[in-house]
Each structure stands twice: as C-alpha cells, then as structure tokens.
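Counting starts at 1 for both ligands and their atoms, in listed order. All heavy atoms count here, side chains included; hydrogens, waters and symmetry mates do not.
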Amino acid sequence: MAARRLSSLISLSSSSSLGRFSRWGRRISSFSTSAATDEPIINPSIQIDHTQLLINGQFVDAASGKTFPTLDPRTGDVIARVAEGDAEDINRAVAAARKAFDEGPWPKMTAYERSRIMLRFADLLEKHTEEVATLETWDNGKPFEQSAKIEIPMVVRMFRYYAGWADKIHGLTVPADGQHHVQTLHEPYGVAGLIIPWNFPLLLYSWKVAPALACGNTVVLKTAEQTPLSALYVSKLFHEAGLPPGVLNVVSGFGPTAGAALSSHMDVNKLSFTGSTATGKVVLGLAANSNLKPVTLELGGKSPFIVCKDADVDKAVDLAHSALFFNQGQCCCAGSRTLVHESLYDEFVEKAKVRALKRVVGDPFKTGIEQGPQIDKEQFQKILKYIRSGIESGATLESGGEQLGSKGYYIQPTVFSNVQDDMLIAKEEIFGPVQSISKFKDLNEAIQRANASSYGLAAGVFTQNLETANTLTRALRVGTVWINCYDIFDAAVPFGGFKTSGQGREKGIYGLSSYLQTKAVVTPLKNPAWL
Ligand code: NAI
Ligand code: MG
C-alpha cells in the first residue's frame with residue numbers, strides 16, 4: 001500500500017481529530033466513558049492487505065485452507081480473517097528457512113550486506129509508521145499515540161541497533177597451553193523459531209527478529225492469535241528492502257497447534273519465546289523432548305515497586321501509576337506490587353487514587369487517550385475475576401473495579417490498598433489495570449517481601465538516598481532494577497528474568513548470545529617463534 005498520511009487512513013466519525021504525532025490532547029477529569037459507551041467508534045479506513053501466511057517470500061493460504069478471525073478489542077467485532085497455520089504450514093516454513101540457511105544466501109552474504117538490508121527495512125518502516133501504528137492499535141487496542149510515537153520508533157531503533165552489530169560479531173584468539181593456535185568462531189544456530197505474544201506485537205517482533213537475523217540465522221515466526229496483522233505487514237516491507245525469500249517466514253495461528261509444532265520441530269535449531277510462565281514450561285518441554293534446541297524464555301512477573309521513606313511522594317505516585325497502568329496493565333514487567341513505606345502510605349494511597357480517577361480511558365484512536373480496552377474477552381473476564389477476589393479477600397477498593405461502558409473490553413483503572421501478601425492479587429500476574437498497594441515498616445521487610453515471589457523480572461526503587469538504592473539494587477533477585485524511573489527500554493539494555501520469569505537475555509550485546517553458538521578451532525603450531 002502506498003504511503004498515506006494517517007489523517008487519510010482514519011475516517012473520523014466524531015469531531016476529534018488525530019494529526020500525525022499530535023501532542024497529547026485535552027485531558028478529561030475522570031475516567032472517560034465516552035468512547036466505551038455511546039460515542040461512535042473511530043473507524044480506521046486502512047485496507048488490510050496481508051492476511052495469508054508469509055512463506056518463502058510469498059503470501060500463501062494455510063494448507064488446510066482454514067482461517068480465523070482477528071478481533072477489534074473496542075467492540076469484539078471481526079477486523080479480518082487470517083490464514084490459520086498448523087503443523088503442515090510450520091513444516092513448509094521451516095523447510096524454506098532451512099534452505100535459505102543451508103544454501104544461502106543469508107548466512108553466506110557479507111555481514112555488511114545483511115546489515116544494509118536491515119537498515120533499509122528500518123527506513124521503510126519509519127516511512128510507514130502511521131499505517132503500521134494504525135494496524136497495531138486496531139488489532140491490540142493500545143493507544144494510537146503510544147503505537148506511533150513510542151513503539152514503532154522503538155522497533156525502528158532496534159533494527160538499526162542490531163544492524164550495527166551484524167558486522168561486528170567476532171570470536172577470540174585464545175592463549176591455550178602448549179603449541180596450539182586456538183580461535184573461536186561465533187556462528188548462527190541455523191533456523192530460529194520465534195514465538196511472540198499479543199501485548200507488544202511488533203516491539204517483541206523486533207526484540208527477536210532483529211538479533212536473530214543480524215547473527216545470520218533464518219527465522220520462522222509465530223505471531224499471537226490475537227494480533228497477527230502488524231507482523232505480516234512489516235515483513236512484506238522487509239522483503240521490499242531486499243530480504244531474500246525464506247529468510248523470514250511468518251505463520252499466524254494458535255499455540256497448541258502452530259506454536260507447538262514449531263517448538264518441537266526437529267529442524268529448528270533455536271527457540272525464543274515470550275509469554276506466560278505456564279506456556280514457557282510447555283515450550284521448554286517440547287524443545288527438550290524433540291531435538292534439545294536451546295530456548296530463550298521471557299515470561300511473567302509480579303514486579304515490586306518500592307517507595308522508600310525519603311521518596312518524593314508526588315513523583316513516586318506518578319511513576320508507580322504508569323509502571324502499572326501502561327499498556328492497559330498488560331506488561332510482563334508491570335509494577336504490580338506497590339510497596340510503600342508506612343510514613344508515606346496514607347498520602348500515597350490518596351494520591352494514587354486521585355491519579356487513577358484522572359486516567360483517560362476510551363477509544364485508543366482518539367487524541368489524549370491513556371488507556372484503551374484489554375486485548376480480549378478472556379483477559380477481560382480474568383481481570384474482573386481478580387478484582388472480585390481482591391474485594392472478597394478484604395483489600396480496600398479505592399477506585400474502579402468494574403467494566404467501563406457497555407461494549408468492548410474496557411476496565412476502570414482500579415486501585416486497591418491494604419493488600420496483604422497472601423492475597424491472590426498480590427501473588428498472581430493480573431495483566432490488567434489493577435494497582436495493589438501495601439505498607440512496609442523497614443528496608444529489610446521490603447527486601448524480604450519483594451523477593452518472596454516465584455517471579456523475578458523487574459523492580460522499581462524510589463528513593464533519594466544512594467545507600468538505600470545500592471542496598472536494594474543488590475538485594476533484589478530480579479533481572480532489571482529501575483531506580484527513580486520505570487519502563488526504560490533502550491535497545492542496548494539487556495532484559496530478562498530471574499527465577500520463573502525466564503532464561504536468557506534479550507536486547508543489547510547480551511541478546512546476541514541467544515542467536516550465536518561458539519565453535520573452538522584448534523590448530524597445531526610448528527616451531528612458533530614465541531613459545
Ligand atoms: P501464552 O503464553 O499462552 O501465549 C503467548 C504465545 O505463546 C502466543 O503466541 C501463543 O499462541 C503461544 N502458545 C500458546 N500455547 C502454546 C504451546 N502449547 N506451544 C507453543 N506456543 C504456544 O499467553 P496468553 O494465553 O495469551 O496469556 C495468558 C497470560 O500470560 C496473561 O494473562 C499474562 O499473565 C501472561 N502473558 C505474559 C506475557 C509476557 O509478556 N511475559 C505476554 C502475554 C501473556
Ligand atoms: Mg486482534
């Protein structure tokens with residue numbers, strides 16, 4: 001589709017307008033029910049051109065001919081029907097990726113050429129930001145401004161970042177004992193199977209596809225069944241940028257069918273998965289019981305956000321709010337356990353409640369919207385169930401607690417105080433707009449409670465005391481600690497979990513090691529001058 005400005009992609013059925021990268025618009029003073037109830041929804045008039053599977057550079061139907069609907073979370077209506085990949089399609093995609101790896105040209109190309117294709121793709125993607133952001137918001141429900149101004153630019157940045165690594169991957173010369181010359185080669189695994197979830201469809205595409213390709217692997221990607229559209233669109237652009245056929249194959253479909261077939265495939269050499277801890281365990285088992293392919297897992301979390309006694313309360317309230325509510329609360333690293341020192345607790349709770357009541361919820365295509373609908377009915381019902389359980393177990397409901405409006409999957413920004421550690425809402429991943437606040441007395445207690453979780457993905461620490469920050473940083477058993485900030489996702493910063501939050505790291509230099517294996521090459525030395 002030719003590049004078109006967003007203003008022409010969106011036909012506005014209300015008087016609000018959505019200009020390109022417009023500033024956050026006017027604020028509404030309590031959660032807005034407008035778009036979730038009576039006002040007509042904004043209809044994106046973008047044409048959905050790609051709904052088939054992308055195998056060997058061609059869009060093709062599923063072998064079975066089956067399709068499934070992808071739904072608009074604002075209404076539950078069908079956006080488009082998409083080809084439903086299954087084991088047979090995974091076989092075809094893996095065969096294409098295998099050929100592209102074994103017979104070239106991808107791993108045989110110079111790394112510089114690979115890097116240039118990735119850079120051209122990043123440029124094309126940047127040019128098509130509005131269309132891609134429109135698809136992402138339509139399929140997922142996240143605010144358009146978040147898609148267009150935050151996420152797609154991060155995807156572009158990620159491809160440029162790893163394009164920069166492609167021609168800087170090299171091994172070592174190793175000083176072994178004895179008369180041997182030893183070198184290490186860092187080689188791609190071969191075919192990488194990548195499985196991504198629906199909460200950040202394109203961002204997580206970039207976290208996996210960019211390093212996998214930069215390292216010279218070929219790829220079969222399975223998207224989440226809730227959000228298949230954006231990956232198909234951008235992968236087409238990747239081919240326009242010069243990507244050879246078979247290097248990147250995209251299969252839409254469900255987990256137990258297409259996802260399981262990819263995880264257990266004998267010809268897939270590496271697997272990288274992002275999603276729930278429960279499915280992560282299944283995928284690891286499938287990998288182990290097939291060809292023992294190495295697996296990177298980025299899984300769930302129940303991340304503590306610790307507000308110490310010397311924190312600036314207003315800043316801490318704002319940050320704790322966004323740490324939890326960002327992306328409708330659908331973040332693996334959501335700051336979902338807000339632990340506040342007792343000296344600030346009452347003030348904090350009151351201000352957190354006021355902030356939640358101000359959160360602007362509504363049609364994600366509208367300017368100024370902070371929160372759209374949850375991804376689907378299943379997640380929506382699951383979140384409401386957790387809210388009921390919070391109320392029943394005796395936590396204090398400070399705000400929200402119910403569906404917002406009458407259609408789609410909108411939930412009121414919800415704040416609980418007096419949350420105890422043994423309540424379900426304090427233990428399990430809710431993955432929704434539900435903040436749980438509890439009180440602590442001293443730092444040791446905060447550390448002990450923060451670590452008393454099977455998860456270990458991230459933590460936020462809010463303090464102005466350097467000693468306190470240093471103590472917490474080292475005591476917390478998590479993969480990322482954000483001090484006086486949260487959700488900083490630079491391409492260069494490694495991300496991943498301790499404990500059941502995952503294995504391995506993505507992004508940065510650490511992300512390369514997931515897609516490279518080390519080969520030692522040993523050669524005898526005859527009469528070396530310096531041995
Ligand atoms: P999920 O982990 O089941 O799905 C993630 C991906 O795995 C999807 O592409 C799915 O099709 C695939 N999958 C599912 N079963 C599979 C199998 N047997 N073999 C291979 N692939 C499989 O997550 P789901 O059901 O969408 O959400 C459930 C919960 O998981 C959420 O409520 C949330 O708590 C958590 N979650 C965590 C995410 C994260 O970023 N860490 C992302 C999405 C969900
Ligand atoms: Mg959808």
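Here the side chains of Thr223 and Pro201 are not in contact, with every heavy-atom distance at 4.5 Å or above. Leu203 places none of its side-chain heavy atoms less than 4.5 Å from the side chain of Met158. Considering only heavy atoms from C-beta on, Val209 stays 4.5 Å or farther from Tyr162 through its side chain. In this structure, the side chains of Phe305 and Val461 stay at 4.5 Å or more apart for every pair of heavy atoms.
Look at Glu378 and you'll find every heavy atom at least 4.0 Å from all atoms of ligand 1.
Heavy atoms of Ile196 found under 4.0 angstrom from ligand 1 belong exclusively to the backbone. Counting heavy atoms under 4.0 Å from ligand 1, residue Val283 touches it through the side chain alone. For Ser276, heavy-atom contacts with ligand 1 shorter than 4.0 Å involve the backbone as well as the side chain. Contacts between Phe200 and ligand 1, counted as non-hydrogen atom pairs separated by less than 4.0 Å, are absent for every part of the residue. Proximity of Glu225 to ligand 1, defined as any heavy-atom pair under 4.0 Å, is confined to the side chain (atoms from C-beta onward).
Within 6.0 Å of CZ in Phe68 there are more than 12 heavy atoms belonging to other residues, nucleotides or ligands. Other residues, nucleotides and ligands contribute only 12 or fewer heavy atoms inside 6.0 Å of the CD atom of Gln58.
Distances between N or O atoms of Leu204 and those of ligand 1 include no value under 3.5 Å. For ligand 1, the polar-atom distance check finds no N/O of Pro197 at less than 3.5 Å from any of the ligand's N/O atoms.
The ring of Phe101 has its center no closer than 6.0 angstrom to the ring center of Tyr189. The ring of Trp207 has its center no closer than 6.0 angstrom to the ring center of Phe200.
Test Tyr409, Phe431, Tyr410 against Phe380 for ring-ring contact (aromatic ring centres under 6.0 Å, His included) and you get one pass: Tyr409.
For atom 21 (N) of ligand 1, the nearest protein heavy atom (residue, atom name, distance) is Gly259 CA, 3.6 Å. The closest protein non-hydrogen atom to atom 3 (O) of ligand 1 is Thr279 OG1, 2.9 Å. When hydrogens are left out, the protein atom nearest atom 13 (N) of ligand 1 is Gly255 CA, 3.3 Å; that is the closest non-hydrogen contact. The closest protein non-hydrogen atom to atom 28 (C) of ligand 1 is Gln379 NE2, 3.7 Å. Of all protein heavy atoms, the one closest to atom 34 (O) of ligand 1 is Glu429 OE1, 2.7 Å. Regarding atom 26 (O) of ligand 1, its nearest protein heavy-atom neighbour is Trp198 NE1, 2.7 Å. Nearest protein neighbour of atom 39 (C) of ligand 1, counting heavy atoms only, is Cys332 CB, 3.5 Å.
When Phe273, Phe254, Tyr386, Phe431 are checked for heavy-atom proximity to atom 7 (O) of ligand 1, Phe273 turns out nearest. Comparing Leu297, Val282, Thr274 by heavy-atom distance to atom 5 (C) of ligand 1, the nearest is Thr274.
Classification of the Tyr205-Phe159 ring pair by plane angle, with boundaries at 30° and 60°, yields tilted. The aromatic rings of Tyr161 and Trp165 lie perpendicular to each other, with more than 60° between the two planes, well past the 30° mark.
Salt-bridge check for Lys66 with Glu88: failed, with every basic side-chain N at 4.0 Å or more from each acidic carboxylate O.
Within ligand 1, counting atoms from 1 as listed, the ones closer than 4.0 Å to a heavy atom of Ser263 are 20 (C). Set against the non-hydrogen atoms of Lys382, the atoms of ligand 1 under 4.0 Å away are 29 (C), 31 (C), 32 (O), 34 (O). Listed by number with element, the atoms of ligand 1 under 4.0 Å from a non-hydrogen atom of Lys222 are 9 (O), 10 (C), 11 (O).
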